[in-house]
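For reference, the structure discussed in these notes is given below.
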Amino acid sequence: MKNKKYALVIGGTGMLAQVCHALVNDYYYVSVIGRSTIRQQQLKDSSNEPDKFHGIEVDYHDDGRFRQQLQKAFQAFGTPDLVVSWIHGSAPQALDSLIDEITRINKTKTWKLFHVQSSSRFFEKENTPVPENCQYRRVYLGFILNDSTSRWLTHKEISDGVIRAIHADQTESVVGTLEPWDKRP
Ligand SMILES: NC(=O)c1ccc[n+]([C@@H]2O[C@H](COP(=O)([O-])OP(=O)(O)OC[C@H]3O[C@@H](n4cnc5c(N)ncnc54)[C@H](OP(=O)(O)O)[C@@H]3O)[C@@H](O)[C@H]2O)c1
């Protein structure tokens, strides 16, 4: 494990499932955070390499248990080289807790954080404090604008866009478009 790449995907059993598969194809061992055992199993079952997945079944609203589960994973696999985070706005402390738990163990090794955020966050331009050894990347989810109509992104478009962002390694990217904002669905 020590010489392999390790990724953690928060919310990886949902619309980011294809991101998890892409990371496994890219030789990562992937820990996936989500509450449901069934969704974790479905993710593994849809892979040719189920042994490359490690499910962390925890609710990120429960900060104590969330931190405890992260510690367990980091003891087993080391701290992640790459984190993809999709956390609902109802758990504003969860990302800070994750960064804190990584930093307690790893203060020097460079790691990347791809922070996936919904459309409305684009206009808030919030500041996410990260330690010096964390390379922070923000990915906003937008919408698809056709001639006179618009629609929200499909799961495939979201995953494809996040995978592109990881490969391109841009500081900030938008999946679909966010402008003109008044044309959103
Ligand atoms: N364009 C946009 O701005 C935009 C933004 C957001 C969403 N969307 C759309 O909205 C839809 C719904 O989004 P969604 O986030 O509900 O979809 P989702 O990605 O299918 O589900 C959320 C993911 O986070 C996990 N999760 C949720 N709550 C959790 C918790 N409390 N603790 C730990 N893990 C948790 C879920 O697993 P468990 O259920 O197992 O916990 C799942 O892996 C998506 O299909 C997307 O198309 C669009």
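For ligands, and for the atoms within them, numbers begin at 1 and follow the listed sequence.
- In this structure, Val32 does not count as a contact residue of ligand 1, since none of its heavy atoms falls inside 4.0 Å of the ligand.
- Checked by distance only, ligand 1 and Phe143 stay at 3.5 Å or farther apart across all their nitrogen or oxygen atoms.
- Looking at ligand 1, you'll find an N or O of Gly142 within less than 3.5 Å of one of its N or O atoms.
- Salt bridge annotation for Asp160-Arg164: absent, with no cationic side-chain nitrogen under 4.0 angstrom from a carboxylate oxygen.
- Using cut-offs of 30° and 60° for the angle between ring planes, the Tyr6 and Phe74 rings count as perpendicular.
- Less than 4.0 angstrom separates atom 48 (C) of ligand 1 from none of the non-hydrogen atoms of the protein.
- Between Tyr60 and ligand 1 there is a heavy-atom distance shorter than 4.0 Å.
- The protein non-hydrogen atom at the shortest distance from atom 25 (C) of ligand 1 is Gly11 CA, 3.8 Å.
- Side chains of Thr110 and Asn133: no donor on one and acceptor on the other come within 3.5 Å.
- For atom 11 (C) of ligand 1, the nearest protein heavy atom is 4.0 Å or more away.
- A cation-pi geometry, defined here as NZ or CZ lying under 6.0 Å from the six-membered ring centre and within 45° of its normal, does not hold between Lys5 and Tyr27.
- Between the side chain of Lys109 and the backbone N or O of Thr79, at least one donor-acceptor pair lies under 3.5 Å.
- For atom 40 (O) of ligand 1, the nearest protein heavy atom is under 4.0 Å away.
- Proximity of atom 30 (C) of ligand 1 to the protein is indicated by at least one non-hydrogen atom lying closer than 4.0 angstrom.
- Among protein heavy atoms, the minimum distance from atom 38 (P) of ligand 1 is reached at Arg35 N, 3.5 Å.
- Comment: Arg137 engages Asp169 in a salt bridge, judged by a side-chain N to carboxylate O separation of less than 4.0 angstrom.
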### Query
Given the rule in the side-chain hydrogen bond (donor to acceptor under 3.5 Å, both in side chains) test, do Ser85 and His115 qualify, once you have shown the distances and angles that lead to the verdict?
CA-CA 5 Å; Ser85 169; His115 188 187; 4.9 Å; no

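- Both the backbone and the side chain of Met15 come within 4.0 Å of ligand 1, counting heavy atoms alone.
- Looking at ligand 1, you won't find any N or O of Ser118 less than 3.5 Å from one of its N or O atoms.
- In terms of protein heavy-atom proximity, atom 6 (C) of ligand 1 is closest to Trp86 CH2, 3.2 Å.
- Atoms of ligand 1 found under 4.0 Å from any heavy atom of Thr13 (numbered from 1 in listed order, with element): 36 (C), 37 (O), 40 (O), 42 (C), 43 (O).
- Residue-level proximity to ligand 1 for Trp152 is carried by the side chain, the only part with a heavy atom below 4.0 angstrom.
- Within ligand 1, the atoms closer than 4.0 Å to a non-hydrogen atom of Asp59 are 30 (C), 31 (N), 32 (N), numbered from 1 in the order shown.
- Of the protein's heavy atoms, His88 NE2, 3.6 Å lies nearest to atom 14 (P) of ligand 1.
- At a heavy-atom distance under 4.0 Å, no atom of Gln40 approaches ligand 1.
- Of all the heavy atoms of Tyr140, none lies under 4.0 Å from any atom of ligand 1, so neither backbone nor side chain is involved.
- The protein heavy-atom contact nearest to atom 36 (C) of ligand 1 is Arg39 NH1, 3.6 Å.
- Ligand 1 has no nitrogen or oxygen under 3.5 angstrom from a nitrogen or oxygen of Leu16.
- Between Thr154 and ligand 1, no N or O atom pair is found at a separation short of 3.5 Å.
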